[in-house]
Amino acid sequence: MDRSSPLALEVTDLTVAYAEKAVLWDIDLAVPSGTLMAIIGPNGAGKTTLIKAILGLLKPAAGQVLLAGKGYDQQRQKVAYVPQRGSVDWDFPASVLDVVMMGRYGDLGWFRRPGKRERHLAMSSLVEVGLEDYADRQIGQLSGGQQQRVLLARALVQEADIYFMDEPFQGVDAATERAIISLLQALRGRNKTVIAVYHDLQTVAEYFDWVTLLNVRRIASGPVAEVFTEANLRLTYGGRIGFVEGISQATGTAGAAEP
Amino acid sequence: MNLTELLDDLLFDYTLRTVALGTAIVGIVSGVLGSYALLRKQSLLGDAISHAALPGVVLAFMITRSYGSIVLMAGALVSGVLATLLILAVVRSTRIKEDSALGIALSVFFGLGLMLLTVTQRMPGARQASLERFLFGQAATLVVADVIAMGVLAVVAVGLVMLLWKEFKLVSFDTEFASSLGFPARALEVALTTLLVVAIVVGLQAVGVILMSALVVAPGAAARQWTDRFGVMVFLAGAFGGFSGVAGAALSSTGSGLSTGPVIVLVVSLITVVSMLLAPNRGLVWNWVRQLRQRRQFRIETVLVDLLALSQQHESIDYGHTVEAIHAMNRGRRGEARTLRSLQEKGLVTSRPGGRWSMTEAGIVEARRILEATGEIPDPGPLPIGQVRVTPS
């Protein structure tokens, strides 16, 4: 990693437009490495678009993205991506192990087929997410939470430095959510950076150490203690102030909402 | 004609062997590429492309005045690719959805093809029949040169699929993930679609533009029923397609006067129907059997639970209950007598004199287990189960 730039992700003036309507407007982000960052914001705020634009899956109208100081094309091997669960055809004839091995395809490069080494790496990342007993299952025969963990294992097997996850907790029960979070925290412990689209405002402070509040524009981005404030939430979520007040009370008395 | 004679002809009759080889190639290549189309939800694209190939065939003839299969295939290829590009352009630049765009391209190109076909009728020295064979296909007209041309295209197409196996699998499953890994997903998708056009072009002369889409869709759909593995599916689809090709050629050669293309399509459709019905796990028949079994299990459980509720209204576990009383607990239900007999076989109920039934202790334990499993009584404590002197083992 470039020592003069300890930032894992640096986004400057990123603007994305669909049919001339801006869905992301002039976004600046600076995320240090070894950070667990949540991207939060209302529906249509551009959270998924932000991740896709950073990964070059969408062409931005303007702006620059640097990953550990370099462009995405040069850093591809160090970046892993977990798409939304709904973006994948779960009826596809593939086993859990097949899908996880796809995480190795980038390193394999053109034409080379996955072999013993890839199989072994995929198995050990399945162990990490607790799905080793399901390796031979067709992916459609899993619960939603298990499918989410398959996508997570596919990202883990990429052995990246920075992980982008689009709603990794969608349809996941409380126990699995905690298991995934401790996995992400373990990644952070190894100085990896995890950036996840997240929805549950109650647990942002508990799980993450950085947060970006997004609603087409960047409302705020920084350490949770500094930017996860009622004023910023109000700016992000607009008129639904009652809702936001309820949340800020809940974050004030952390743990009170536990069942 | 019996089977040995048919096999004998397939191997040693020159004409039939040529035709069968040609139709086998058609079946294999369309089965393999059709699998990808199916998994990428592009089956309808196959239909549009094959219809759209017709004007290319006729124009190629009008320009070159040649009936050579390479020339006509090239024409088909060009107009198939043009139609695909048109569909993409329409979807991207207008508000028309993909299904409508497919319909538009199909009818515009096919209509143009039919019109050009009538024009060639008036051309001096044109043998109309030679072009009309592209409508319904005429495998009997295949000669060695045709089969060689088809074989070369098929080897290239299937060879590319083998070479780019991992890449095509990845892009078919998760396009965006493929691009995030650095693979040119768009180019790979274009390559797959182009290979689909090639597969269709290979089959046009034997099967015809109208029936070709069946050979693209059916083998993959049948293969998917039998396996959950990608490689096995693609292989099976090729095998089903190839078998249908050979079987169609052989059957239509028996002097029945049936033309080969439709017979091939009938064979592959039969394979598909059988696969839909009988394949384990996904087959309709097995689903149906599973449902029956579940329904029976459900009946057994509800009768047992109802009997428990009845027992709790009486002092003794040995009190016998009538079938009518059990029926009254759930009026929509039928066949209680049979259900009770199978419960008796399991030792969960016993019959009492006068056609009455009561639960055994094992039955009570089982009924409580069912209730707890379904979560109907999160806390079985307050139920008066203690009154019936249950002593769980």
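So you know, we letter chains A, B, ... as the sequences are listed, proteins then strands, and number each from 1. Quick caveat, the model's predicted, so the values are computed rather than measured.
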Starting from the C-alpha separation in whole Å, work towards a yes-or-no answer on side-chain contact (heavy atoms from CB on, under 4.5 Å) for Ser87(A) and Phe177(B).
CA-CA 10 Å; Ser87(A) 72; Phe177(B) 187 70; over 6 Å; no
Parallel, tilted or perpendicular: which fits the ring planes of Trp90(A) and Phe173(B), with parallel below 30° and perpendicular above 60°?
perpendicular
In terms of heavy-atom pairs under 4.5 Å with chain A, which of Met162(B), Met233(B), Glu176(B) leads?
Glu176(B)
Determine which residues belonging to residues 150-161 of chain B lie within contact range of chain A, meaning some heavy atom pair is under 4.5 Å apart, and list them by number or answer 'none'.
none
Please name the pair of heavy atoms, one in Ala185(B) and one in Ser179(B), separated by the smallest distance, quoted to 0.1 Å.
CB-OG, 3.8 Å
Begin from the C-alpha positions of Leu55(A) and Phe164(A) and carry the test side-chain contact (heavy atoms from CB on, under 4.5 Å) through to its verdict.
CA-CA 9 Å; Leu55(A) 296 178; Phe164(A) 291 92; 3.7 Å; yes
Step through the shown structure and confirm whether more than 12 heavy atoms of other residues, nucleotides or ligands are within 6.0 Å of CZ on Arg293(B).
no
Any ion pair linking Glu159(A) and Arg104(A) (charged N to carboxylate O, less than 4.0 Å)?
yes
Which heavy-atom pair separates Gly34(A) from Arg188(A) by the least distance, and what is that distance?
O-CG, 3.2 Å
For Phe208(A) and Thr35(A), run side-chain contact (heavy atoms from CB on, under 4.5 Å): C-alpha distance rounded to whole Å, both residues' side-chain angles, the deciding distance at 0.1 Å, then the answer.
CA-CA 8 Å; Phe208(A) 294 90; Thr35(A) 310; over 6 Å; no
So for atom CZ, which belongs to Phe298(B), do other residues, nucleotides or ligands contribute more than 12 heavy atoms lying within a distance under 6.0 Å?
no
For Trp226(B), does the CH2 atom have more than 12 heavy-atom neighbours from other residues, nucleotides or ligands under 6.0 Å away?
yes
Relative to chain B, which segment of Val82(A) carries a heavy atom at a distance below 4.5 Å: side chain, backbone, both, or neither?
neither
Give, as side chain, backbone, both or neither, the part of Arg229(B) having an atom under 4.5 angstrom from any heavy atom of chain A.
both
Gln141(A) portion near chain B, given a 4.5 angstrom heavy-atom threshold
side chain
Please name the pair of heavy atoms, one in Gln138(A) and one in Phe92(A), separated by the smallest distance, quoted to 0.1 Å.
NE2-O, 2.8 Å
Within a reach of under 6.0 Å around CZ of Arg290(B), are more than 12 heavy atoms found that belong to other residues, nucleotides or ligands?
yes
Checked Gln77(A), Arg76(A), Arg112(A) vs chain B; the most non-hydrogen pairs under 4.5 Å come from Arg76(A)
Does atom CZ of Arg282(B) have more than 12 heavy-atom neighbours, drawn from other residues, nucleotides or ligands, at distances under 6.0 Å?
yes
So, the part of Tyr72(A) with a heavy atom under 4.5 Å from chain B: the answer is side chain
Given a strict heavy-atom distance threshold of 4.5 Å, which part of Glu167(B) is in contact with chain A: side chain, backbone, both, or neither?
side chain
Contact class of Asp91(A) relative to chain B, heavy atoms under 4.5 angstrom
both
Taking heavy atoms only and a threshold strictly under 4.5 Å, list by residue number the residues of residues 34-43 of chain B that touch chain A; give 'none' if the list is empty.
Leu39(B), Lys41(B)
Assess the side chains of Arg85(A) and Gln170(A): does a donor N or O sit below 3.5 Å from an acceptor N or O?
no
Name the region of Thr175(B), side chain, backbone, both or neither, that has any atom closer than 4.5 Å to a heavy atom of chain A.
neither
